[in-house]
Amino acid sequence: MATLANGIRHLPGYLDRPAQEHLVELIRDIVAEAPLYTPEMPGTGKPMSVRMTNCGPLGWVTDKQQGYRYQSYHPATKKPWPAMPQELLDLWETLGGYSKPPEACLINFYSDDAKMGLHQDRDENDLAAPVLSVSLGNSCLFRVGGLSRKDPTGSFRLSSGDVVVLGGEGRLAFHGVDRIYPGTSTLLKNGGRINLTLRRVNS
DNA sequence: TAGTGCCT
DNA sequence: ACAC
């Protein structure tokens with residue numbers, strides 16, 4: 001376990017291979033019910049390169065008209081998000097150190113050429129709760145800065161099975177994904193990377 | 001500005 | 001990493 005200068009915790013290889021494979025199975029079922037969709041930037045409608053879906057009572061979504069928000073249903077199917085698997089509730093219980101359970105699990109799928117710009121997770125009402133991130137599949141170059149966009153940044157590699165906890169000082173740290181490293185994992189047969197982000201939304 | 005580009 |  002490594003704690004970075006900005007308070008972010010990195011747990012390399014926290015999930016073993018069988019646990020990773022089990023999560024992929026669960027995600028396959030979720031995606032069958034709540035298909036990955038292409039989010040849009042607020043205002044411009046520019047598509048993001050990452051595709052998304054969610055599980056849990058709430059899901060993070062964005063589109064041209066309404067922008068970033070949490071809502072209880074899939075934007076395309078209008079159906080409620082699939083339930084949060086017990087395995088993820090357990091992970092939150094073990095690593096989150098927070099009294100209330102997570103309400104949203106954002107599932108991000110990165111193709112090998114997808115990226116995500118530097119941003120803050122700040123659409124939650126409960127900013128005391130940590131954000132838990134699970135990496136599956138190909139490795140990525142993860143970038144982390146400070147509380148201001150202008151703050152200097154550093155980067156490190158995230159591999160399949162790694163968990164990152166953004167809590168305390170690091171809860172509102174700017175972060176993003178610079179690049180995916182193709183062919184660095186055999187977990188996902190068709191390549192790419194999956195990131196699970198567990199969040200508490202309502203205080 | 002949860003993005004894009006690298007003759008930056 | 002940085003500017004836009």
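Note on naming: letters A, B, ... go to the chains in the order of the sequence lines (proteins, then strands), and numbering restarts at 1 for each one.
Rounded to whole Å, atom C1' of B:dA2 lies 18 Å from atom NZ of A:Lys64. Here the C1' atom of nucleotide C:dC4 and the CG atom of A:Leu118 are 15 Å apart, to the nearest Å. Remark: P of B:dA2 and CZ of A:Phe142 are 14 Å apart, rounded to the nearest angstrom. A:Leu196 has its CG atom 21 Å from the P atom of B:dA2, to the nearest Å. Taking atom NZ on A:Lys150 and atom C1' on B:dT1, their separation rounds to 15 Å, with Å as the unit. Here the P atom of nucleotide B:dT4 and the CZ atom of A:Arg143 are 16 Å apart, to the nearest Å. If you measure from atom NE2 of A:His175 to atom C1' of B:dT1, you get 13 Å, rounded to the nearest angstrom. Rounded to whole angstrom, the span from the OH atom of A:Tyr110 across to the P atom of B:dA2 amounts to 12 Å.
Taking a pair to require two hydrogen-bonding distances under 3.5 Å in either a Watson-Crick or a G-U wobble arrangement, B:dC7 remains unpaired. In this structure, B:dT1 makes no Watson-Crick or G-U wobble pair, since no nucleotide meets both defining distances under 3.5 angstrom.
Ring orientation note: the planes of A:His119 and A:His175 are tilted relative to one another, at an angle of 30° to 60°.
Using a 4.5 Å heavy-atom threshold, the side chains of A:Asp121 and A:Arg199 count as touching. Side-chain contact between A:Ile107 and A:Trp81 is absent, with no heavy atoms from C-beta onward closer than 4.5 Å.
A:Leu141 and A:Met116 fall into different hydrophobic clusters, where Ile, Leu, Val, Met, Phe, Trp and Tyr side chains are chained together by heavy-atom contacts under 4.5 Å.
Among the protein residues, A:Thr153 comes within range of the sugar-phosphate backbone only, with heavy atoms under 4.0 Å from sugar or phosphate atoms but none that close to a base. Across all strands, A:Met41 comes closer than 4.0 Å only to sugar-phosphate atoms, never to a base (heavy-atom distances). Using a 4.0 Å heavy-atom cutoff across all strands shown, A:Asp123 reaches at least one base atom of the nucleic acid.
Both tests do not hold together for A:Arg193 against A:Phe109: distance to the six-membered ring centre under 6.0 Å, angle to the ring axis within 45°.
A donor-acceptor contact under 3.5 angstrom links the side chains of A:Tyr70 and A:Glu124, judged on distance only. A donor-acceptor contact closer than 3.5 angstrom links the side chains of A:Asn195 and A:Ser133.
In terms of position along DNA chain C, the nucleotide closest to A:Ser155 lies nearer the 5' end than the nucleotide closest to the other residue of the pair A:Arg149 and A:Ser155.
Contacts between residues 156-173 of chain A and DNA chain C, counted as heavy-atom distances below 4.0 Å, involve no residue at all.
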